[in-house]
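Proteins come first, then strands; the chains are lettered A, B, ... in the order of their sequence lines, and each starts at number 1.
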2 protein chains.
Amino acid sequence: MEMNERKKGILKAVINEFILTAEPIGSRTISKKYDLNVSSATIRNEMADLEELGYLQQPHTSAGRIPSDKGYRFYVDSLINIEKIPESFEEMIRQKYLARKKEVQDIVQVTSRMLSHLTRYTALVASPSSPEYFFQHLQLVPLEGKKVAVIVVISSGLVQHQTVTLQNRPSREELEHISRLINDRLQGLELGRISNDVFRELEKELRDRTIFRELYRSLLEFFSEEGMNQEWGKIHLDGATNILEQPEFSDLEKVKVFLKLFEQEDMLKELLNKIPAEGLQVVIGKEVPLEEIRDCSLVVADYSFQDKTVGKMAILGPTRMNYPKVMATVNFMAEVLSKVLREED
Amino acid sequence: MEMNERKKGILKAVINEFILTAEPIGSRTISKKYDLNVSSATIRNEMADLEELGYLQQPHTSAGRIPSDKGYRFYVDSLINIEKIPESFEEMIRQKYLARKKEVQDIVQVTSRMLSHLTRYTALVASPSSPEYFFQHLQLVPLEGKKVAVIVVISSGLVQHQTVTLQNRPSREELEHISRLINDRLQGLELGRISNDVFRELEKELRDRTIFRELYRSLLEFFSEEGMNQEWGKIHLDGATNILEQPEFSDLEKVKVFLKLFEQEDMLKELLNKIPAEGLQVVIGKEVPLEEIRDCSLVVADYSFQDKTVGKMAILGPTRMNYPKVMATVNFMAEVLSKVLREED
DNA sequence: TGTTAGCACTCGGGTGATTAGAGTGCTAAG
DNA sequence: CTTAGCACTCTAATCACCCGAGTGCTAACA
């Protein structure tokens, strides 16, 4: 026994219907609502076959069928076309981006908010992060007392800052001297290459400056792998409560697990990192690399900046997700965001 | 009929017990568990009196009593002493602060996390914000292309930045000139006094510089009341899911309302603003100035920086909250945070 | 050979009745 | 004024029951 056109049609109908209703689908429903020109008995037989093939499953004997993960997989891979998003939408989205200050956090926030609003599921957006970014500028600004603000600008427009308290009050000249030296040395370097070595060389040159010694540690920390990871690639989440609208989350225990997860940013980060995002990816049910949400699906896309993939965005929802719509939306948003970032540049 | 010592003792016992169990408390429970030297019948009579006085209420005739808002109010005002936090705790908390980079966001985050962990309720912390802060330094850093990073430092260690795209690529000299002028003018000014007027004067001086014209708008926005509000005084929330552990939130609808609220930062901001926080405040049930959470209580304290109140922190939980513990914790955390900020300075 | 009508069977979930138990208020005695 | 005792109330849990949706199978039909 193998898949034929009629089986495909029935599978598609069942999944479409299940996405709509979240209830097990019986053969009668299909024969009435969909024009397949066969009786419910025939559909019943086909559904039994589809179950044997692993695409459908039955919660209990006297209930209808629901799709299995394998069923969804087939549906996503072979049965649907991604919806077309109307051109006019792009303009609207651009407006939203323009309305906000164009800091990285703002962009990420706007993106996640739009994603969650458009899909009514939960959106995750990782802010741009790439070891391939270039160092551009470092500025040391003396503050009150013994404090210094260390401001680092990488690639275009991405700024990070940090305050350091020194042992003694530094003079403005001293700070300027040091920042000039550091800038000369790091100018145009890829972040990934600003290793300890570079700093060790710098340390030699600046050995006599006690101030540098003190700055040294925090700069090292800043450019270390962990420092990088901590500051960049932060995950912004929106629409967490949307899952509460889904009938599969009427169980409080499940909700708990879910929301607990959302409070652990590192988990989410790892989750997204585990998904090899190039283009549009759909991860269904048991394929999800995170125990707690094995009954969910993820739709992930990457976005780029200066022609490099720098971040990902994702929609997290029940496996019974409106895939055509969500896939279209995520894909579209990733494209628009990449465009917006390119133009900004 | 009025309050006497025995009534107070019984009221206190009922509330303590209810805080523990979340179940209506009957007279027998009190007579058995608490050593009041009276029988359950006597307690029954007293409880009837307490109900008449409005301190207790009955969900239905054949159930025990639960405290009313008025009961909690009396309890908080007259029946409890705030627990003493052991000295050793302070050191532990300091360590936590030291372990993180000392940016404002980090401090706020650490604070809210600790609050929610210690109390097992939801913590809200408003980041420092005050029109009484002083302007300290502005730095314009040229980025790639036509972009400029505007970096503003206020008071000690509070840094904000923003990227602006200009019409033409600015020269480094030009930017330096402008920042020098702006710095001279704004140096040491209270943020609240950097009004349009100051900028208008600056505009006159710099009229010939087209670059300033372009920067003008974004600076104006930055120092405007809304800009200020948007950037400072952000609310950080932690332990949202803790409420799910509370039996009063076994109703999904209620959970929904709650979590939806948490996704609206401006609501939370308004909520905290409406509470005149000086010292430790407890807002109980119907006293809460926000419809959606009228069956909750808030314990709020303010914290200070440079001897001025700059922010608030709060614990949000069910009215059936462990007031002695929560009040002690919030009070303590606010004090420690103020101390840490003072020492930093 | 594939399709369909018909039918007996299964099973979950909703309905209603019953019951156990906790707690009360009242009364009367100490 | 306190307390033991008792009748009464009300909720929540349990159970039996039934309804209906849906199935798989069989037999007839094209």
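Every residue meeting the side chain to side chain contact (heavy atoms under 4.5 Å, CB included) condition with A48(A), not counting sequence neighbours, appears here in chain and number order: R65(A). T241(B) is linked by a side chain to side chain donor-acceptor pair (under 3.5 Å) to E263(A), counting only residues two or more places apart in sequence or in another chain. Residues satisfying the side chain to side chain donor-acceptor pair (under 3.5 Å) test with N322(B), not counting sequence neighbours, are none. Partners of T61(A) by side chain to side chain contact (heavy atoms under 4.5 Å, CB included), not counting sequence neighbours: none found. S27(A) is linked by a side chain to side chain donor-acceptor pair (under 3.5 Å) to R44(A), counting only residues two or more places apart in sequence or in another chain. Judged as a side chain to side chain contact (heavy atoms under 4.5 Å, CB included), and not counting sequence neighbours, the contacts of L268(B) are L124(B), I235(B), L237(B), L261(B), F262(B). Contacts of D302(B) classified as side chain to side chain donor-acceptor pair (under 3.5 Å), with partners at least two apart in sequence or in another chain: T309(B). Contacts of R6(B) classified as side chain to side chain contact (heavy atoms under 4.5 Å, CB included), with partners at least two apart in sequence or in another chain: N4(B), I10(B), V38(B), T42(B), E46(B).
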Would you mind building the protein contact string for nucleotides 1-17 of chain C? One character per nucleotide, 5' to 3', B for base within reach (heavy atoms under 4.0 Å), S for sugar-phosphate only, - for untouched. --SBBB---BBS-----
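Below 30°, between 30° and 60°, or above 60°: for F258(B) and F249(B) the angle between ring planes is above 60°, a perpendicular geometry.
Rounded to 10 degrees, the angle separating the terminal axes of the helix from dT1(C)-dA30(D) to dG30(C)-dC1(D) is 20°, with each axis obtained from five end pairs.
Atoms CE (M47(B)) and P (dT2(D)) sit 16 Å apart, rounded to a whole Å. Per the geometry, CD belonging to E51(A) stands 7 Å off P belonging to dG24(D), to the nearest Å. Put simply, CD1 on I66(A) is 13 Å from P on dT23(D), counting in whole angstrom units. Put simply, CD on Q57(A) is 17 Å from P on dG22(D), counting in whole angstrom units.
For the OP1/OP2 pair of dG22(D) and a distance below 4.0 Å, the side-chain nitrogens and oxygens of R65(A) include no atom meeting the criterion.
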Below 3.5 Å, can you tabulate the donor-acceptor pairs from side chains in residues 271-278 of chain A to any protein atom, sequence neighbours excluded?
residue	atom	partner	partner atom	Å
N273(A)	ND2	K269(A)	O	3.4
K274(A)	NZ	E270(A)	OE2	3.4

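Annotation: proximity of residues 9-33 of chain A to DNA chain C (heavy atom, distance under 4.0 Å) is found for no residue.
Under the side chain to side chain contact (heavy atoms under 4.5 Å, CB included) rule, I315(B) has a single partner from T329(B), L298(B), V326(B), L118(B), which is V326(B).
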